[in-house]
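A short write-up of the structure that comes next.
The chains referred to below are lettered A, B, ... by the order of the sequence lines, with proteins before strands, and numbering in each begins at 1.
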Amino acid sequence: MNEEKPNVPEVFLTPYDPQQHEDKLYELWEKSGYFNPDQCVENGIADPEAEPFSIVLPPPNVTGTLHMGHAAMLAIEDILVRYHRMKGKRTLWIPGTDSAALATQSKVEGIMYKEEKKRRDEIGREELLKRIDIFTEESKATIISQTKKMGSSMDWSRYAFTLDETRYKAVMEAFVRMYNQGLIYRGARIVNWDPAMQTTVSDDEVEYVEQADPFYYFKYGPFTIGTVRPETKFGDKYVVMHPDDKRYAEYKHGQQIEVEWINGPITATIIKDEAADPEMGTGVMTITPAHSLVDFEIAERHNLDRERVIDERGLLLDIAGEFAGQHIKKARAAIIAKMTEKGLVEKIDDKYVHNIATNSRGGGTIEPQIKEQWFIDVNKEFAMGPSEVPGVKEGDTVTLKQLMIKSVENAGITIFPERFERVYYNWINNLHDWCISRQIWYGHRIPAWFNNGEIKVQTDSPGAGWTQDPDTLDTWFSSGLWTMSTLGWPEQTEDFKTYHPTSVIETGYDILFFWVARMILMTTYFTGQVPFKNVYLHGLVRDDKGRKMSKSLGNIIDPLDMIGKYGADATRLSLIVGAAPGNDMPLNEDKIRGYKKFANKVWNVSRFVITNISDADWAQTPKFSDRDEEILSELRATVAEVSNDIEKFSLYLAADKAYHYIWHNLADQVLEESKPIINGDDSEAKLARQFVLKECLVTSLKLLHPFMPFITETIWQELPKAIKDQDILMVAKWPES
RNA sequence: GAGCGAUUAGCUCAGCUGGUAGAGCGCUACAUUGACAUUGUAGAGGUCACAGGUUCAAGUCCUGUAUCGCUCACCA
């Protein structure tokens, strides 16, 4: 009941309340079918020949719920997608979730152990997988619902899960093809072994944690050697020094000496190798090739024995003599006691700080082991197939490393911000062969079959007597195929032909190596295409003091809470403004609250304009004053700037400019100065100004839509039909500048 | 140890290809019930980490120094 303002839609009579509108609008969009580019083409929103624009969502792990980092990712991608959709492109955003094999199994095992006191071997493969499936289904549903709350305009009809049937096929095919070309091999090499989870872990998943441990100096024949790990030293029968170290010039490479050692005399062999640093300690070291990456490499160079000392569970083997069967952690003290008694301990440095390797996916301390595993050979040369990778022609001899480098070097892929290109090259240059097998149950099975020492690699069982490799694949193997597999590869589907390479991948910089690099490796190899033309790396969302959000600090902001309190639009904007690609972004509630105020500002601007243009006759031709023209030209300039910034992936600038224009130009100046004109006697001036206000409102809503889709669409739904080019703002035409 | 980044108003940060400093929040004063569960106007506050250099001109380019942060690395 508002007698004085009969023309204001009733919805505007209260402040903007996101809760009241957001879910309904998402439903409206979903029902329209316009998340699906095919539907847009069918309804004439996009031309059938329009340029495609595609993004594949970095699939969140099914280990939990979405955090602010995910929210930022969804906001950024949705902005790009909505912008390009409004530009009339055939725009596709594919949603999905990731099984995250190791992390998920670790999580479910943890829950089962805590609740039922059951360990893995007491549960069994089938039961565990069943339980994991239940867990992941729940988790998927939660993630999908959260994703929708953010307003993400994804095509749910193309939803993919890394372990679903289509993706499984792609993984099997990829493995077999790489194996047949000799790029996947099986070999005994030193790997990161996690005794707690009983599996290998990739180099990238190892996390180094600083720890203080005693550093022991031992008498080893005529030498003094140092170590933090006496328990590995039983098998040390090689003593290594730098070839140019004058102190040891009297010893010759290959020379043998007798030394008294932990369990009695042994014969040691002198090895001259440049890996020994003369500056370090005494310049002499003994090596344990079976349990150290460096030592293994030295042993490979000189073809030395690699006797095992520790088993998979961390227990000492027979070589340890009286200590055999003891756990390494417990045995150390006893070993030192015995060595002290034998006079082998020269001194102990108690303040030695070093890095120990741990499994970042929820396991324990890494104990390197030599194991028979599957590897991808990153240095093996092969003949390139059909190629669109710049600088690589069909038939060229290349390695996977070279493909990864050339894709970026020759601008097939552009990384934002640019500085990460150097980080990327650096990582590739240090890259070792990639161990892709894991001794866990949850994940893609390896399509390899064993029969009395024979191995066959193929998707189906070769027949009776053959058993499949019990291992599964590293989760990043399947993730590496993601842009392809979500589009139907290895089939040459319409989707694949249309939307691959994708336009942009958007993800956190912390995942550049894990994922972005591996997608480039896999995709260039299999398709000769880059997986994406642009990489947009966002930073970590931190609290207002710049700290990482974590449970232990209690500073976690839950996106759903913020959406509940301030609306998805305000939450999105707070994650965009001030967040340049590659930089961490501080976030606090005040910032989000600020953007809620802005939402309300937009709401009131709209109410004002709608009220004041309700009596305009749009059939007439307005005669614009100089000031009218000026206002319109400022509007066009803003459109140009915002569009340009979005094209350049400077979303933080684009959002800020749109915000600034609407609040401080349109609201503070244009609206204020329009009041006397609208209420004045000059009907010609009034009409012209009404045209101007209409133009400003319609254009502002469009400009703002990618950033704040809910409120802009809510307002759009209340606009008179006569001033709209589409019923749904999401597919309205992006303004010309 | 190597690489990368940061250092600009009390706080959080912009400032793209060089032309005598900007935003948000906070603070101060005034105004306003208005399209605005407020908002507007005005204002205070910075030798742009430090030292050199290039230039007519440098937060902006170059060299070095300091502090902080991140990533990588096999230091026994």
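Of the C1' atoms belonging to B/U28 and B/A66, the separation is 37 Å, rounded to the nearest Å. Taking atom P in both B/G43 and B/C61, the straight-line distance is 32 Å, to the nearest Å. Nucleotides B/G69 and B/A49 are separated by 15 Å at their C1' atoms, to the nearest Å. A gap of 31 Å separates the P atoms of B/G24 and B/C62, to the nearest Å. Taking the C1' atoms as reference points, B/A23 lies 25 Å from B/A35, given to the whole Å.
At the phosphate of B/C25, neither OP1 nor OP2 sits under 4.0 Å from any side-chain N or O atom of A/Asn588. A close approach under 4.0 Å does occur between a side-chain nitrogen or oxygen of A/His664 and OP1 or OP2 of B/G24. Taking only side-chain nitrogens and oxygens, A/Asn604 comes nearer than 4.0 Å to OP1 or OP2 of B/A37.
Where A/Lys648 and A/Trp663 meet RNA chain B, the nucleotide closest to each residue was compared, and A/Lys648 sits on the side nearer the 5' end. Nearer the 5' end of RNA chain B, as judged by each residue's closest nucleotide, is the contact made by A/Tyr595, out of A/Pro15 and A/Tyr595.
Listed by chain and number, the residues in a ring pair (Phe, Tyr, Trp, His ring centres under 6.0 Å) with A/Phe513 are A/Trp427 (sequence neighbours excluded). Residues passing the salt bridge (Lys or Arg N to Asp or Glu O under 4.0 Å) test with A/Glu672, sequence neighbours excluded: A/Lys675.
Looking at heavy-atom distances under 4.0 Å, A/Asn600 makes contact with sugar-phosphate atoms alone, never a base. Nucleic acid contact for A/Ile225: none, since no nucleic acid atom lies under 4.0 Å from a heavy atom of the residue. Residue A/Tyr652 is classed as a sugar-phosphate contact, given heavy-atom separations below 4.0 Å to backbone atoms only.
Using a cut-off of 4.0 Å between Lys/Arg side-chain N and Asp/Glu carboxylate O, A/Lys219 and A/Glu260 are scored as not salt-bridged.
Side-chain contact annotation: A/Asp273 with A/His242, donor-acceptor N/O pair under 3.5 Å absent. Remark: the A/Tyr251 side chain and the A/Asp245 side chain contain no N/O donor-acceptor pair separated by less than 3.5 Å. A/Gln690 and A/Asp615 share a donor-acceptor pair across their side chains, judged by distance under 3.5 Å alone. Between the side chains of A/Asp645 and A/Ser650, no donor N or O sits under 3.5 Å from an acceptor N or O. Between the side chains of A/Ser202 and A/Asp474, no donor-acceptor pair of N or O atoms lies under 3.5 Å.
Listed nucleotides B/G5, B/U39, B/A14 differ in distance to A/Arg422; the shortest reach to its side chain belongs to B/G5.
Taking syn as a glycosidic angle within 90° of 0, B/G26 does not qualify and is anti.
Rounded to whole angstrom, the span from the CZ atom of A/Phe608 across to the P atom of B/U33 amounts to 16 Å. At whole-Å resolution of the value, OH in A/Tyr659 and C1' in B/G24 are 6 Å apart. Atom CD in A/Glu421 sits about 13 Å away from atom P in B/G5, given to the nearest Å.
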Contacts under 3.5 angstrom, residues 691-701 of chain A side chains, donor-acceptor by atom type, not counting sequence neighbours:
from	atom 1	to	atom 2	distance (Å)
A/Thr699	OG1	A/Glu695	O	2.8
A/Ser700	OG	A/Cys696	O	2.6

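Annotation: proximity of residues 667-679 of chain A to RNA chain B (heavy atom, distance under 4.0 Å) is found for A/Ala667, A/Asp668, A/Leu671, A/Glu672, A/Lys675, numbered in ascending order.
Taking CD1 of A/Ile366 as the reference point, atom CH2 of A/Trp193 lies at 10.0 Å (rounded to 0.5 Å).
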Let me have a per-nucleotide readout for nucleotides 69-76 of chain B, 5' to 3', with B, S or -, counting only protein heavy atoms under 4.0 Å. ----BBBB
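Of the options A/Phe707, A/Tyr566, A/Tyr659, a ring pair (Phe, Tyr, Trp, His ring centres under 6.0 Å) to A/Phe598 is made by A/Tyr659 and by none of the others.
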Criterion side-chain contact (heavy atoms from CB on, under 4.5 Å) on A/Tyr83 and A/Glu647, from CA distance to verdict: CA-CA 9 Å; A/Tyr83 169 77; A/Glu647 299 278 352; 2.6 Å; yes
Pairs counted only when both distances fall under 3.5 Å, Watson-Crick or G-U: show me the 5' to 3' dot-bracket for RNA chain B, [ ] for pseudoknotted crossings and | for other-strand partners. (((((((..((((........)))).(((((.......))))).....(((((.......))))))))))))....
